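Below is one structure, written out as C-alpha cells; comments come after it.
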2 protein chains.
Amino acid sequence: MIAPVQPLAPEPPRPSAIAAVGLLPRETLGDRVTAELRALLVAGRLAPGEKLSLRRVAEALGVSIMPVREAVSRLAADSALEVLPGRAVRVPVLTQAQFRELTRLRLVVEGFAAEEAARNATQEQIAAIAACEARFRDLASAEPPDAAGAVAANRDLHFALYEAAAMPTLVEMIERLWLKAGPILNLDMRDEPRRLKGGSAMQAHAALLDALRRRDPVQARDALQRDIAEAAAHIAAIGRLGPESEPGRSTDEARRPPHIGIETMGER
Amino acid sequence: MIAPVQPLAPEPPRPSAIAAVGLLPRETLGDRVTAELRALLVAGRLAPGEKLSLRRVAEALGVSIMPVREAVSRLAADSALEVLPGRAVRVPVLTQAQFRELTRLRLVVEGFAAEEAARNATQEQIAAIAACEARFRDLASAEPPDAAGAVAANRDLHFALYEAAAMPTLVEMIERLWLKAGPILNLDMRDEPRRLKGGSAMQAHAALLDALRRRDPVQARDALQRDIAEAAAHIAAIGRLGPESEPGRSTDEARRPPHIGIETMGER
DNA sequence: TGTCGTGATCTGTGATCACAGTTAGGTTGG
DNA sequence: CCAACCTAACTGTGATCACAGATCACGACA
C-alpha cells in the first residue's frame, strides 16, 4: 500500500470546514477497555460469577492496569461488575428477585422506547431493523444455529429499534439494563442454541416489525414486551440464577463458572 | 461519658451472633468522594458549566487525586460530569432538547415508581413520606423560605417514595436521572426561593400523599407527574438552559457560572 | 485422619511521578 | 493600539511503586 502521500494542507479553500467538523473523539485507553468489557458482558461471553483480575485483563489487552481500573470502576458503578472487598472483581450473579425486577424494568423502559420508535422511526431506520430481523431469522434457523451470530443480530435489532426512538439518554438507560441482564440471557442462548428455534422470538420480532410499518405504538410495545417476557420466562425456568438471599455469604460459591472471555480475546 | 467498660467477651451464649452480622461496608475513599460529588450535584451546589479540577477537588477533600479520578470517571460514565479532551472536567450544560428528554424519562420512570410505591408501601414508609412532606411545607413556606432545606426535604420525600417501590435498580435509575437534572433544577430553586411559595409543588405533594394513603396507583402517578411537569415547565420558561446545538464549540462559554461548592465544603 | 495456624502469593487501593496537550498571560513586533 | 507569538502553569492520562487485606496450599498439632 504505497499510495502517494496526501499533502497535509488541503484546507484553505473553505475556512468554515474546520469549524464544521465535530470535536474528534479522542478516545482514551480507558474508554476502549470499557467498550471491550461492555461488549463481552452484553454478548454473554463473561459468565455470571466469573472472576476477573485487573492485572490479568490488563495483560490480556496489552495495557497497564490503569485503564482497566477505570473501566472496572465505571462498570462497577452500574453494578455491571461487582468488586468484592479484598478478593477480586466478578460478574454479578443475579438472584431470582433481582432478575425479576430487571425484567419488569425492561418491560417498562424498552416498551416505552418501542412506542416512541413506532412514532418517530424513519423509513431508513425501519429498513435497518428489518435487515437485522432477517439476519437473526437466518442465523437462528440455520443448522446448526449460529448462536453467537444470532445473539449479535438480536442485539443489533433491539438497539436499532431503540435508536429510532431518538432519545439518547433512554438508549443509555437500556444499555445499562442489558449490561446486567446480558450475562445470563446470552450465556444461556449460547449454551442452548436450540431455544432459538422455538420461534417465539422470531414471531415477536415479526409482529414488532409489522407494528412499526403500520406506525402502531401500542402493538409495537406489546410485541417487544412479549419478546422480553418470553425470554425471561425461559431463563427463570432453566435456572442458573442465584439463590434468593442476596448477600450470599458462604452459601455456595462452589459452582465454578465456565472461564471464557478474557484470555480468548486476543491482543487489543 | 465514663460508662463502665463493657468486658470484651459477652459472646458465648449465641455462637451464631458472629455469623449474623452482615459484611461491613468497607467504604473505599473513591466511594466517599463519589458520594460527596453526587450529593453536590443533586443539591444543585455545582452549577451547570462549572469547571472542576481533579487536583483542586483532591486538595479540597484532603485526599490524593486517585480517588477523585475514580469518582469523576464514574460520574462521567453517567454523563453527570463531562471531561473535555484536553481542558478540564465540567458540569454539563443541558440543551433544551436534552432537558426535554430527561423530563419525559422522569415522567415515565418516576411515574412507574409512584405506582409501585402506592401498591407496596408500608404504613411506616407512608409515615416517613408524610414527615418529609410536612418538613418541605414548613421550610418552603417560611419567611424567608429555606431554599437549601427545602431542596433537601424535596429530595428526601421523592426518594422515600421511590424506596417504597422496593425495586433497588429502579431507584438507581432515578438517581442517575436526578444527577443530570439536579444542577439546573435545584440551582434554580436555590436562586429563586420564592418559586417554592407558588404552592404547586405543595399541592402535588399533598395529592400524592393522599393517593398513597388510599393505595391508588394511578392517582399517585398522576400527582407525581404533575410535580415533575410543573417544575420542568418553570425551568424551561426561566431559561438558563444551553443552546439547542449540543456540540457548542466556540459558541458561548462566555457565561461564567457561579463558583460555589467545592471550596466551601470543608475538609475530608 | 481431621483441623487449625501460617506464610507465600495475589487482590484492589492509594500515592507519586512523567508526559503530551491545552490554556492563559505577558511580551514583543508590527 | 492591536495582533501575534511565546512561555509558564495547569489539565487529564498513563505507568510504576507501595501497602493492607484476602486467598490458598502446605504442614504441624491434636
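Keep in mind it's a predicted model, so treat the numbers as computed, not measured. Letters go in sequence order (proteins before strands), and every chain restarts at 1.
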Sidechain N-carboxylate O distance under 4.0 Å for A:E175, A:K180: no
Which pairs with one or both residues in residues 153-165 of chain A pass salt bridge (charged side-chain N to carboxylate O under 4.0 Å, His left out), sequence neighbours excluded? A:R135-A:D156
Measure the shortest side-chain to side-chain distance between B:V108 and B:R104 over non-hydrogen atoms and say whether it is less than 4.5 angstrom. no
Rounded to whole Å, the CG-P distance (A:L81 to C:dG12) equals 11 Å
Length of the line joining A:K51:NZ and C:dG12:P, which is rounded to integer Å: 10 Å
Once you round it to whole Å, what is the distance between C1' of C:dC10 and CZ of A:R56? 9 Å
Return the value, rounded to whole Å, for the distance between atom CG of B:L84 and atom P of C:dT23. 9 Å
Just checking A:V72: base, sugar-phosphate only, or nothing, at a heavy-atom cut-off of under 4.0 Å? nothing
Could you list the protein-to-nucleotides 14-17 of chain C atom pairs, N/O on both sides, closer than 3.5 Å?
| unit_1 | atom_1 | unit_2 | atom_2 | d |
| --- | --- | --- | --- | --- |
| C:dG14 | OP1 | B:T28 | OG1 | 2.5 |
| C:dG14 | OP1 | B:L29 | N | 2.5 |
| C:dG14 | OP2 | B:T28 | OG1 | 3.1 |
| C:dG14 | N7 | A:R69 | NH1 | 3.1 |
| C:dG14 | N7 | A:R69 | NH2 | 3.1 |
| C:dG14 | O6 | A:R69 | NH1 | 3.3 |
| C:dA15 | OP2 | B:S64 | N | 3.2 |
| C:dA15 | OP2 | B:S64 | OG | 3.0 |

Any Lys/Arg nitrogen of A:E50 or A:R90 sitting under 4.0 Å from an Asp/Glu carboxylate oxygen of the other? no
Determine all donor-acceptor pairs shorter than 3.5 Å in which one atom belongs to a side chain in residues 65-78 of chain B; sequence neighbours excluded.
| unit_1 | atom_1 | unit_2 | atom_2 | d |
| --- | --- | --- | --- | --- |
| B:E70 | OE2 | B:R74 | NH2 | 2.5 |
| B:S73 | OG | A:R74 | NE | 3.0 |
| B:R74 | NE | A:S73 | OG | 3.0 |
| B:R74 | NH1 | B:D31 | OD1 | 2.9 |
| B:R74 | NH2 | B:D31 | OD1 | 3.2 |
| B:D78 | OD1 | A:R176 | NH1 | 3.1 |
| B:D78 | OD1 | B:R176 | NH1 | 3.4 |

When rounded to whole Å, the CD to C1' distance for the pair A:E59 and C:dC10 reads 13 Å
Classify the ring geometry between A:Y162 and A:F159 as parallel (under 30°), tilted (30 to 60°) or perpendicular (over 60°). perpendicular
